[in-house]
Amino acid sequence: MKTLLVFAATAAIAITAQAQDWPQRPVRVIVPFAAGASPDILARIVNDKLASRIGQPLIVENKPGAGGNSGTDQASKAAPDGYTFLLSVNAPLVYNTILYKNLPYDPFKDLVPVSLAATTPNVCAVSNGMNVDSVKSWLEALKRNPGQFNFASTGNGSISHLGVELIKLKTRSFAVHIPYASSGQAVTAIIQGDVQFACLPPVSVMPQAKAGRLKAIAVTSAERSGLLPELPTLRESGLPDIQAVPWFAYMAPKGTPDAIVQRMSREIAAVLKDPEVLKRLQTAYFDPVGSTPEALSKFMGEELRRWKPVIERTGLKPD
């Protein structure tokens with residue numbers, strides 16, 4: 001027993017020392033989506049200030065594929081040494097545990113929460129060719145033409161996918177789902193007429209809406225966004241039960257020393273309050289959060305309980 005206690009004490013001292021010395025080399029942040037996607041933009045806004053706080057560069061590694069599952073899986077299997085973190089989103093961190101029977105990782109077991117970094121309201125946008133200018137006229141067009149319209153998303157099971165599926169369920173309408181690798185590609189598809197509508201992150205939608213290439217008609221948040229006050233919510237537009245908001249969270253491989261996880265969480269929270277970073281985030285339509293690991297863990301559990309019955313009720317399956 002005495003030997004075990006000595007060993008445990010020695011191990012604890014070693015872990016503490018490791019955390020105090022961390023980091024000694026660049027830290028990679030895996031983003032499981034393409035460059036230019038919302039998580040990628042968020043990571044690059046945060047990285048410079050975060051690097052200055054921890055004293056080492058943070059290198060973004062884009063690992064797109066399978067709606068975020070591929071990169072999230074790679075992060076879950078990385079060495080838990082504090083030199084790999086993940087910045088992922090709703091679907092690969094929660095929803096896909098319901099959608100996929102053989103998900104190659106379990107975000108609740110193979111990853112540890114670090115910080116809920118930010119949220120952003122999705123913007124429902126329609127092509128100019130639909131000839132609609134409000135949620136009411138949009139839904140009327142869907143009901144009059146079942147199956148004749150396509151909608152884009154950032155991948156199977158993404159909040160941009162589930163949000164529209166919920167709209168279809170509530171309004172008893174139908175449209176064909178076309179997944180894309182990033183929100184930028186999805187917006188391009190709307191402009192080109194390959195799809196007719198989508199509910200996507202504003203950082204991709206609003207520049208095109210302001211240029212007149214498509215129409216932004218609503219936000220998917222519960223309340224009007226302070227960053228987009230001109231756009232009504234779906235609730236205001238007659239869909240009271242629709243709330244589908246993208247969120248972005250930092251995670252680490254299971255086994256990463258808790259002292260490193262806690263420090264990274266504190267540093268992220270501090271960076272998100274930096275005036276320069278805050279200005280850049282707001283320009284890109286992000287609402288910063290900066291939670292503790294414990295708060296993120298609780299939030300993910302709540303998201304699972306909230307969306308599981310919705311996904312099961314719709315009978316939604318990966319395309």
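Since the structure is predicted, the reported quantities are computational estimates derived from the model, not experimental observations. All residue numbers in this chain count up from 1 along the given sequence.
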Would a distance-only check, ignoring hydrogens and angles, find a side-chain to backbone donor-acceptor pair under 3.5 Å from [X] to [Y]?
X    : Y    : answer
N69  : P92  : no
S183 : L200 : no
T283 : K279 : yes
Y83  : Q24  : yes
N62  : F33  : yes
N122 : P246 : no
S265 : V261 : no

Interatomic distance, [X] atom [atom1] to [Y] atom [atom2] [nearest 0.5 angstrom]:
X    : Y    : atom1 : atom2 : value
S115 : I268 : OG    : CD1   : 5.0 Å
I217 : L231 : CD1   : CG    : 9.5 Å
W138 : T171 : CH2   : OG1   : 8.0 Å
L116 : S297 : CG    : OG    : 12.0 Å
L281 : I45  : CG    : CD1   : 5.0 Å
I190 : N128 : CD1   : CG    : 10.5 Å

Out of curiosity, does [Y] fall in the hydrophobic cluster containing [X] (side-chain heavy atoms, cut-off under 4.5 Å, transitive links)?
X    : Y    : answer
F174 : V195 : yes
I59  : V46  : no
V245 : I167 : no
Y100 : I159 : yes
L278 : F286 : no

Stepwise side chain to side chain contact (heavy atoms under 4.5 Å, CB included) check, V219 with Y285: CA-CA 12 Å; V219 291; Y285 304 100; over 6 Å; no

Mind checking whether [X] and [Y] have side chains closer than 4.5 Å, heavy atoms only?
X    : Y    : answer
L296 : Y250 : no
Q74  : L86  : no
N156 : N96  : no
P107 : T97  : yes
C124 : T220 : yes
V289 : F299 : no
L58  : F85  : no
M251 : M300 : yes

Whether [Y] and [X] form a salt bridge (side-chain N of Lys/Arg under 4.0 Å from carboxylate O of Asp/Glu) is what I want to check.
X    : Y    : answer
D81  : R25  : yes
E267 : R263 : yes
R306 : E303 : yes

P201, S38, S88 screened by side chain to side chain contact (heavy atoms under 4.5 Å, CB included) with F248, the one that passes: S38

If every non-hydrogen atom of [X] is compared with every non-hydrogen atom of [Y], which pair is closest and at what distance?
X    : Y    : value
A51  : P57  : CB-CA, 4.0 Å
F149 : A141 : CE1-O, 3.4 Å
Q243 : S221 : CG-C, 4.4 Å
R224 : T233 : N-CG2, 3.4 Å
G71  : P32  : CA-CB, 3.7 Å
L272 : A117 : CD1-O, 3.3 Å

Verdict with supporting geometry, V310 and L169, side chain to side chain contact (heavy atoms under 4.5 Å, CB included): CA-CA 10 Å; V310 173; L169 178 69; 5.7 Å; no

CA sep, side-chain torsions, deciding dist, call: L87, L42, side chain to side chain contact (heavy atoms under 4.5 Å, CB included): CA-CA 9 Å; L87 179 55; L42 176 61; 4.1 Å; yes

Test side-chain contact (heavy atoms from CB on, under 4.5 Å) applied to D48 - qualifying residues, sequence neighbours left out: none

Ring geometry between F151 and H161 (parallel below 30°, tilted from 30 to 60°, perpendicular above 60°): tilted

Over 12 foreign heavy atoms within 6.0 Å of NZ, K168: yes

Under the side-chain hydrogen bond (donor to acceptor under 3.5 Å, both in side chains) test, residues paired with D73 that sit two or more places apart: K77

Worked verdict on L239 versus L139 for side chain to side chain contact (heavy atoms under 4.5 Å, CB included): CA-CA 10 Å; L239 292 172; L139 296 180; 3.8 Å; yes

